[in-house]
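Let me begin by presenting the structure, written as structure tokens, before commenting on it.
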Amino acid sequence: MLWSWNETNDENWAHGTFDTKEEAIQDALGCREWIERSLFTDNPTIYVGECELVPLRTDPDPDRIMEELDEAYCDDSGCDTYIYDGVTDEERKWLEDKLSELMFEFHQKIGLNPGWFKVVSMEEVRFE
């Protein structure tokens, strides 16, 4: 589980993520003077949030890909019929699965990992 903190109760969680709630609070404490100046108070409240990484998508739309390839082929050849007409649901599902596997492998190859998170629960912490 990851944690973050925010000085206001809004959607802008810009202070990064931490492995524990305590680490997030300690980071906020290190910014206490800045928080007090920003919020115009000597006893600020911060918000500590439990976070989840937003997974990378690996599900390209096979219908859209076939349409794009069909249009390109028609531009190249002058054909006027949809070349993927007759593709069965089973064949479409096979293509969808292969594309998903390929995108997962591509993310691994380029070292792409999720970089964004969403806050799934939040609590107030008062600096006293």
Side-chain angles (χ1 to χ4, degrees):
M1 195 55 59
L2 296 173
W3 295 85
S4 190
W5 67 272
N6 199 4
E7 65 276 5
T8 56
N9 186 7
D10 65 18
E11 296 177 9
N12 186 21
W13 293 76
H15 299 288
T17 58
F18 304 87
D19 292 328
T20 67
K21 180 167 97 172
E22 292 73 24
E23 288 177 15
I25 293 170
Q26 285 301 314
D27 188 70
L29 283 170
C31 300
R32 182 176 181 152
E33 288 181 28
W34 175 81
I35 296 168
E36 289 173 349
R37 283 194 311 270
S38 301
L39 300 178
F40 305 105
T41 181
D42 292 335
N43 294 314
T45 297
I46 63 160
Y47 301 87
V48 178
E50 190 175 356
C51 309
E52 290 179 352
L53 290 175
V54 177
L56 296 169
R57 299 285 303 258
T58 60
D59 58 340
D61 181 354
D63 295 320
R64 190 172 63 178
I65 291 171
M66 287 187 290
E67 287 172 16
E68 288 178 14
L69 292 172
D70 175 72
E71 288 175 15
Y73 184 73
C74 288
D75 288 346
D76 294 344
S77 68
C79 77
D80 61 353
T81 59
Y82 183 64
I83 63 173
Y84 295 104
D85 197 26
V87 170
T88 66
D89 288 343
E90 182 180 317
E91 292 164 334
R92 184 194 171 284
K93 176 69 172 133
W94 179 88
L95 178 58
E96 183 177 22
D97 292 344
K98 289 295 182 182
L99 290 168
S100 183
E101 289 172 22
L102 182 61
M103 288 309 303
F104 179 79
E105 186 179 323
F106 180 66
H107 291 162
Q108 288 184 317
K109 180 177 178 64
I110 65 172
L112 183 61
N113 294 304
W116 296 95
F117 61 90
K118 61 182 173 181
V119 177
V120 293
S121 67
M122 179 179 65
E123 62 185 74
E124 291 183 5
V125 175
R126 289 203 45 86
F127 288 164
E128 307 274 358

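Just so we're clear, the structure is a prediction, and the values are computed from it rather than from any experiment. Residues: numbered from 1 along the sequence shown.
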Could you tell me which residues satisfy side-chain contact (heavy atoms from CB on, under 4.5 Å) with [X], sequence neighbours excluded, listed by chain and number?
X: Cys74; result: Asp70, Cys79
X: Asn12; result: Asp10, Ala14
X: Glu101; result: Lys98

Are [X] and [Y] in one and the same hydrophobic cluster, where Ile, Leu, Val, Met, Phe, Trp and Tyr link if side-chain heavy atoms are under 4.5 Å apart?
X: Ile65; Y: Val87; result: yes
X: Tyr82; Y: Leu69; result: yes
X: Val120; Y: Phe18; result: no
X: Trp116; Y: Phe104; result: no
X: Phe117; Y: Met122; result: yes

Say you draw a straight line from [atom1] of [X] to [atom2] of [Y]; how long is it, rounded to the nearest 0.5 Å?
X: Glu123; Y: Ile25; atom1: CD; atom2: CD1; result: 6.5 Å
X: Glu90; Y: Thr88; atom1: CD; atom2: OG1; result: 5.5 Å
X: Asp61; Y: Glu67; atom1: CG; atom2: CD; result: 7.5 Å
X: Asp75; Y: Glu71; atom1: CG; atom2: CD; result: 7.5 Å
X: Asp89; Y: Trp94; atom1: CG; atom2: CH2; result: 15.5 Å
X: Leu29; Y: Ile35; atom1: CG; atom2: CD1; result: 8.0 Å

What heavy-atom pair brings [X] and [Y] nearest, and what distance separates the two atoms?
X: Val48; Y: Ile46; answer: CG2-CD1, 3.9 Å
X: Asp19; Y: Trp3; answer: O-CD1, 3.8 Å
X: Cys51; Y: Val119; answer: SG-CG2, 4.2 Å
X: Pro114; Y: Leu53; answer: CB-CB, 4.1 Å
X: Ser4; Y: Gly16; answer: OG-O, 2.6 Å

[X]: partners by side-chain hydrogen bond (donor to acceptor under 3.5 Å, both in side chains), with sequence neighbours left out:
X: Arg92; result: Asp63, Glu96
X: Arg64; result: none
X: Arg126; result: Thr45

Residues forming a ring-ring contact (aromatic ring centres under 6.0 Å, His included) with His107, sequence neighbours excluded =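 His107: no ring-ring contact (aromatic ring centres under 6.0 Å, His included) contacts found.
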task = Take the angle between the ring planes of Trp5 and His15 and call it parallel below 30°, perpendicular above 60°, tilted in between.
result =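 Parallel, since the angle between the ring planes stays under 30°.
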message = I'd like to know whether CD of Glu91 has more than 12 heavy-atom contacts from other residues, nucleotides or ligands below 6.0 angstrom.
response =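 Atom CD in Glu91 is crowded, with more than 12 foreign heavy atoms closer than 6.0 Å.
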query = Does atom CD of Gln108 have more than 12 heavy-atom neighbours from other groups under 6.0 Å away?
reply =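 Buried by this count: over 12 neighbours within 6.0 Å.
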ask   = Which pairs, with at least one residue in residues 32-53 and sequence neighbours excluded, count as a salt bridge (Lys or Arg N to Asp or Glu O under 4.0 Å)?
value =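 Found Arg32-Glu36.
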Contacts of type salt bridge (Lys or Arg N to Asp or Glu O under 4.0 Å), residue [X], not counting sequence neighbours:
X: Glu124; result: none
X: Lys93; result: Asp97
X: Asp59; result: Arg57

message = Through direct or indirect side-chain contacts below 4.5 angstrom among Ile, Leu, Val, Met, Phe, Trp and Tyr, which residues connect to Phe106?
response =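 Its cluster partners, ordered by chain and number, are Leu56, Met103, Ile110, Leu112.
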